[in-house]
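A short worksheet on the structure shown next.
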Amino acid sequence: MCLYIFLASVLSAQDVRTSKSGLNFREVALNSACNSFNNQAFMAILDILNYPDPRLYTVAEPVQEVDATIHRLIDDMAETMYAAPGIGLAATQVNVHRQVIVIDTSEDKQNLQVFINPRLLTQCGSQDYEEGCLSVPGVYETVTRAEKITVEALGRDGKPFTLKAEGLLAVCIQHEMDHLLGKVFVDYLSQLKQVRIKNKMKKRQRNHA
Ligand code: QAP
Ligand code: CO
C-alpha cells in the first residue's frame, strides 16, 4: 500500500532531473524503491485462506526461535489484519503453519498483542459471543466459549508472559488458538449451518472469480 502510494506520487511527478549516476530521477526513485523492497523494508498484505480450504485444517508447529523470519511474519500478519480490518489473525489463515497469533481488540487499533506458542493455563465460566472470521467473510454466528482464561505465550520479543483475559479478548484468543489446532468456528455449528455456509462460500467464490 505505502509502496504504491509512494511510487504513484513519484511517477506522477513529471520530473526528469538527471542524477550523478546518469539515471534520471524516475529511475533513481524506482531503484531505491525496489532496493528497499528487496531489503524487506516494506511490510506485505498476505493472502488469507477462505473456508473451507483444507489448508485451514492444518495443525501448526511450535516456533523454535523468535528470529527475523518470525518478526517479518508477525509484521505482515499485523498489516494484513489491520487492512482487512479484523481484530485477530492466526498464521494458519495466511497458510503459515507455525504457532503465531496477532490480536488487536482495542478501539484505537494501537494495541497489537502477539502470542507465540500460546497455551491455556486456566479456563472458567462460559459466554456466548457472535463471532466472525477473516477466513469466513460475511458469516457471523454465536459460539459458546470459556468466559475467563489465563494464557501463557511468548511475545514478539521472544519472552514468556502470562495474561488473564475475559470478554471479547478471551473469545478472540480462544478463536485464534483454535486456528492453530486446525479448527474453524464454523466447526462448532450444526451440520445444517455448516452446509449452508459452505454453499454461501462457493457462491461468493464464483462471483468474485
Ligand atoms: C475473530 O475475526 C473473532 O466476516 C477475529 O466480512 C471475531 O477479525 C473473535 C471480519 C469476533 C471474536 C469475535 C469478518 C472482517 C473480521 C468478516 C475477525 C468480514 C470482515 C473478523
Ligand atoms: Co478466524
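Counting convention: from 1, in listed order, for ligands and their atoms alike. Note: hydrogens, waters and symmetry copies are ignored here, and every other heavy atom, side chains too, is used.
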Check: Tyr129 ring centre within less than 6.0 Å of Phe185 ring centre: no
Starting from [atom], which protein heavy atom do you reach first, and at what distance in Å?
atom: atom 4 (O) of ligand 1; value: Gly138 N, 2.8 Å
atom: atom 18 (C) of ligand 1; value: Ile87 N, 4.0 Å
atom: atom 10 (C) of ligand 1; value: Leu134 CD2, 3.5 Å

Heavy-atom contacts under 4.0 Å between [X] and ligand 1: side chain, backbone, both, or neither?
X: Glu176; answer: side chain
X: Leu168; answer: side chain
X: Pro85; answer: backbone

Backbone or side chain, does any N or O of [X] fall under 3.5 Å from an N or O of ligand 1?
X: Pro137; answer: no
X: Tyr140; answer: yes
X: Cys172; answer: no

Min heavy-atom dist Val136 to ligand 1 below 4.0 Å: yes
Donor-acceptor pair, distance only, cut-off 3.5 Å: does the side chain of [X] make one with the backbone of [Y]?
X: Lys148; Y: Gly125; result: no
X: Ser135; Y: Leu49; result: yes
X: Gln93; Y: Ala90; result: yes
X: Asn117; Y: Val63; result: yes

Side-chain ion pair, Asp178 and Arg145, N-O less than 4.0 Å: yes
side-chain hydrogen bond (donor to acceptor under 3.5 Å, both in side chains) between Asp187 and Tyr51, worked out: CA-CA 11 Å; Asp187 303 340; Tyr51 177 84; 4.8 Å; no
Candidate with minimal heavy-atom separation from atom 3 (C) of ligand 1, of Gly132, Gly167, Gly88, Ala170: Gly132
Options Ile48, Val143, Val171, Val139, ranked by nearest heavy atom to atom 12 (C) of ligand 1, top entry: Val171
Closest non-hydrogen atom pair, Ala146 against Gln174: O-NE2, 3.0 Å
Minimum heavy-atom distance between Leu134 and Ile48, given as atom pair plus value: O-CG2, 3.8 Å
Vertex the Co ion (ligand 2), rays to SG in Cys133 and NE2 in His175 - rounded to 10°: 120°
Subset of ligand 1 atoms that lie under 4.0 Å from at least one heavy atom of Glu131: 11 (C)
Per-atom contacts of ligand 1 with His175, taking only distances under 4.0 Å to non-hydrogen atoms: 1 (C)
CG on Leu73 to OG1 on Thr80, rounded to 0.5 Å: 9.0 Å
